[in-house]
Asks: 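This structure is in structure tokens; I'll ask about it shortly.
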Amino acid sequence: MEKNLVFKAMKNMNKNSESIILFDSISDLDDLDKINSEHTSKIISFDYDTHNILKDKKINHQTSDNYLSKNDLKIIQKTAYSISEWYSSDVISKDISYKGVNLGSLVKAELINILVNYIKKFFELYKISNHFTDSTFIGSQTCCKIMENFSKKIIEFKNSNTENFQPIPLDSIKIKMKIGTKNHSMEFGISNNLFKKLKSVSEKSSKFLLSKNNSIRESSKNILIIEFDPIKYQSFFEQMPKSNLNFLMYNQRRPAIWNIQSYNLIKKSGCLIQTKNSLSNANLIKTISNGKFQFEAKMTDLFSNESFFKSFFSIEGISFWPTFKEYFQEYFRKRALEFIEEVELTKKLMEKYDFSSILILSEVGPNERIALQLAHQRQIPVCLVQHGINYDTKESYDMNAAKGALPIESDHFLCWGKIGEEFSQNMGINSEKVHSIGSPIFDRLRFDEHDSLKNDCVLLAPAGPTKEHASDLTVEIIEKYMDAIKKICQLVTKYNKKLIIKTHPSPDELDPSFIAKQINSQIKVVKEGSISPLVQSCDLMIVIDFGSPVLDAHILKKPVISVSVKDNGWGIPTALKNNSCLTTDLEKFEDDLKDVLNNNDIRNQLIENGTKSSNEYLSYQNNGSSKLIGFLEELVK
């Protein structure tokens, strides 16, 4: 609609009818300024960024979160989890199968992110339309397209961006790269496509560097490890030459080698690196091309089943398929064609080598799911290796399953210790497939009393809001998280302690750097590398909510304060119930910080409780790699 027609339509509106401006991230501020100056309107922002823009310009507005209850947010999350398994329906599963691999299952993790964001906006607009039954709604193309389901009084912004409601998450993420020396380096972001090109170049060169040193012993059994980080699992790679097994690594999402340390580890381990370059040839390229051509024809049949999609893609009985299908069809077609190549490469890998077992760190990564499904065809046992601390609560089942932390399809679960064993059994996992073997991640982690005396800094390990949880998208939670960072920075500075912030490795988590620098320019923010050396050098660790660094701190005898920010509905994990952490909130934080810094009795009790907790969480401390290899040797006999 042309701009003059927009304002003409507004002038002809019923004078008693209120106009509601729906201002989201693809709206244009010029449209808002013009409409808002000429008409008395209610403005509703739809995300933190737009809320912040309006707040900075002192424009009175509401947030869309106001129209959702906490129960609504739970419904949105549960619906996203449920719909992400669309591929398992008998009605369509045959149309999305490629050589025994369900291609729909490979998008599950990314689709949850997409669904949570889309369903939240859809449900908010539904609730808003019910609240303002006689109003005219003005907004971006996306908002208007959704609102057409609920109202006939709609006017589209002239200048709004015509992009879809959001880009494809994994394509839009900027991969962090760091170049330079330890003391003089520069960090920058590159696109996912450029990252893949650079990864391919590095793999070609590493093939020649390792070819003479790493080879297969014909008399030994072969173990495939998928998406492992050699530096994080350093102890495991160091133990490989001592075993009678051949290890082959296949990393499609991360480079196997990216610096001298990773190169040396792999070279000395004897682990054979498999890549797209080592597997691909003219015949495979032709097979992939034919596979893509054949599957494109099948997708027409898949999406012709309109009644299934309209019914399945719904929330509280309201279908959002009509406004979602164009985006979803384009998204799934793109991913399915990419995954056909991944299926053929993994198939070729399994034909090239006779694998006796496969190790994965998650059940939701697309390459891991491909390996799982092809391994089951060949009766190869798959072991899921616990890679992080879990919320060990009944309420957290859906979340843990969604991030691939439970052995739902794996044949064995190699967990860290007693708490992981009990949690798995409480989740209904067959006890015969759960094995407590410790963890290679912590093998090199040891308390050093001499070094501990030198420590005088506080380490903050925040777990920020993410884009795959509905409550994390709310302005309230984001602002509460930022307030927590700000208050922690202010109080640690007030008590003359140096502060180091180690950000979470997830690329879509909120970066607290700008907050820290506003409080104290001396606060150091570390974005790359392992957190363990930082824990080793701190006097106290503060976590926001809960995460794996808690266990590092317990092993290294550091007191831990957990500051509660989110109300995520996942229950309270063991480490926050067994007195190993001092749990607090923003109101009580200053008093608790003062106590831990100044009262040795409180500090010592936290450290003692932390040691007990680490023994419950982690069996075979400093010996996890040997136990892992021992388990594999026994398994493949």
Side-chain angles (χ1 to χ4, degrees), residues 45-48 51-52 62-82 112-113 115-117 119-121 123-124 127 315-316 388-403 405 423 426-427 460-488 503-504 506 508-510 512 515 542-550 560-593:
S45 67
F46 277 80
D47 48 59
Y48 175 77
H51 160 72
N52 218 27
Q62 293 182 335
T63 65
S64 57
D65 304 333
N66 293 345
Y67 296 89
L68 297 177
S69 66
K70 286 190 176 180
N71 190 53
D72 288 334
L73 291 169
K74 290 178 182 177
I75 290 171
I76 290 167
Q77 194 69 44
K78 195 170 184 64
T79 302
Y81 285 149
S82 175
I112 289 170
N113 182 315
L115 286 169
V116 166
N117 284 267
I119 295 171
K120 180 175 182 286
K121 182 175 240 180
F123 209 42
E124 285 167 341
K127 295 277 187 174
I315 178 168
E316 296 290 273
I389 205 165
N390 293 322
Y391 267 81
D392 53 322
T393 62
K394 288 185 177 179
E395 301 95 323
S396 69
Y397 179 87
D398 287 342
M399 181 271 291
N400 279 304
K403 70 177 188 177
F423 168 57
N426 289 338
M427 293 293 100
L460 171 60
T466 64
K467 294 182 180 178
E468 59 264 16
H469 298 293
S471 61
D472 284 9
L473 297 174
T474 63
V475 171
E476 178 188 4
I477 290 297
I478 294 172
E479 288 189 334
K480 195 174 178 183
Y481 169 78
M482 294 172 75
D483 287 344
I485 298 287
K486 185 176 179 181
K487 189 162 188 176
I488 291 166
T503 60
H504 192 276
S506 176
D508 68 349
E509 288 211 6
L510 206 62
I515 305 171
I542 301 169
V543 296
I544 292 181
D545 294 313
F546 182 62
S548 294
V550 165
V560 179
I561 297 176
S562 170
V563 182
S564 176
V565 170
K566 300 179 189 176
D567 178 16
N568 48 36
W570 300 336
I572 303 173
T574 297
L576 300 186
K577 291 190 295 188
N578 62 10
N579 298 316
S580 62
C581 302
L582 195 161
T583 57
T584 188
D585 55 31
L586 288 182
E587 290 182 5
K588 298 183 294 180
F589 175 66
E590 181 168 12
D591 290 337
D592 289 329
L593 175 64

Asks: Looking at Asp392 and Thr574, would you say the former's side chain and the latter's main chain have a donor-acceptor pair under 3.5 Å?
Replies: yes
Asks: Under the side-chain contact (heavy atoms from CB on, under 4.5 Å) criterion, do Leu473 and Asp47 qualify, and how do the steps go?
Replies: CA-CA 7 Å; Leu473 297 174; Asp47 48 59; over 6 Å; no
Asks: Please round to the nearest 0.5 Å and tell me the distance separating atom NZ of Lys566 and atom OG of Ser471.
Replies: 7.5 Å
Asks: Looking only at non-hydrogen atoms, find the nearest pair between Cys581 and Val550 and report the distance.
Replies: SG-CG1, 3.8 Å
Asks: Just by modelled atom types, is the Thr583 backbone N or O under 3.5 Å from a matching donor or acceptor in the Ser562 side chain?
Replies: no
Asks: If you compare all heavy atoms of Asp65 against all heavy atoms of Thr474, which two are closest, and at what distance to 0.1 Å?
Replies: OD2-CA, 3.2 Å
Asks: Can you tell me how far the CD1 atom of Ile315 sits from the CD1 atom of Ile119, to the nearest 0.5 Å?
Replies: 5.5 Å
Asks: Could you tell me whether the side chain of His469 reaches within less than 4.5 Å of the side chain of Met399, counting heavy atoms only?
Replies: yes
Asks: Where do Lys120 and Leu73 come nearest, in terms of heavy atoms and distance?
Replies: CE-CD2, 4.4 Å
Asks: Look only at the side chain of Asn117 and the backbone of Asn113, and say whether a donor-acceptor pair between them is shorter than 3.5 Å.
Replies: yes
Asks: Step by step, work out the side-chain contact (heavy atoms from CB on, under 4.5 Å) result for Val563 and Ile542.
Replies: CA-CA 7 Å; Val563 182; Ile542 301 169; 3.9 Å; yes
Asks: When you measure from the side chain of Asn66 to the backbone N and O of Gln62, does any donor-acceptor pair fall under 3.5 Å?
Replies: no
Asks: Only counting residues at least two apart or in another chain, list the ones meeting ring-ring contact (aromatic ring centres under 6.0 Å, His included) with Phe423.
Replies: none
Asks: Which heavy atom of Ser580 sits nearest to which heavy atom of Ala575, and what is that distance?
Replies: OG-O, 3.0 Å
Asks: Could you check if a side-chain atom of Val116 sits within less than 4.5 angstrom of a side-chain atom of Thr79, using non-hydrogen atoms only?
Replies: no
Asks: Working to the nearest 0.5 Å, report the span between CG of Leu582 and CG of Asp592.
Replies: 4.5 Å
Asks: With sequence neighbours excluded, give me every salt bridge (Lys or Arg N to Asp or Glu O under 4.0 Å) pair touching residues 66-78.
Replies: Lys70-Asp567, Asp72-Lys127, Lys78-Asp398
Asks: Could you pull out all residues at least two apart from Glu395 that satisfy salt bridge (charged side-chain N to carboxylate O under 4.0 Å, His left out)?
Replies: none
Asks: Who are the side-chain contact (heavy atoms from CB on, under 4.5 Å) partners of Asp585, not counting sequence neighbours?
Replies: Glu587, Lys588
Asks: Applying ring-ring contact (aromatic ring centres under 6.0 Å, His included), can you list everything that pairs with Phe546, at least two apart in sequence or on another chain?
Replies: Tyr391
Asks: Looking at Asp472 and Pro465, would you say the former's side chain and the latter's main chain have a donor-acceptor pair under 3.5 Å?
Replies: no
Asks: To the nearest 0.5 Å, tell me how far Asn568 CG sits from Asp545 CG.
Replies: 6.5 Å
Asks: Could you pull out every donor-acceptor pair under 3.5 Å between side chains of residues 475-487 and any protein atom, sequence neighbours left out?
Replies:
| unit_1 | atom_1 | unit_2 | atom_2 | d |
| --- | --- | --- | --- | --- |
| Glu479 | OE2 | His51 | NE2 | 3.0 |
| Lys480 | NZ | Val565 | O | 3.3 |
| Lys487 | NZ | Leu586 | O | 2.7 |

Asks: A side-chain contact here means heavy atoms from C-beta on lying under 4.5 Å apart; do Ile561 and Thr584 qualify?
Replies: yes
Asks: Once you round to the nearest 0.5 Å, how far does CE of Met427 lie from NZ of Lys394?
Replies: 7.0 Å
Asks: Looking only at non-hydrogen atoms, find the nearest pair between Ile389 and Gly547 and report the distance.
Replies: CG2-C, 3.4 Å
Asks: Decide yes or no on side-chain contact (heavy atoms from CB on, under 4.5 Å) for Asn390 and Lys403, but give the supporting numbers first.
Replies: CA-CA 10 Å; Asn390 293 322; Lys403 70 177 188 177; 4.0 Å; yes
Asks: Checking side-chain contact (heavy atoms from CB on, under 4.5 Å) for the pair Tyr81/Glu468: CA distance, chi angles, key distance, verdict?
Replies: CA-CA 10 Å; Tyr81 285 149; Glu468 59 264 16; over 6 Å; no
Asks: Indicate the atoms forming the closest heavy-atom contact of Ile572 with Thr393, along with that distance.
Replies: O-CG2, 3.3 Å
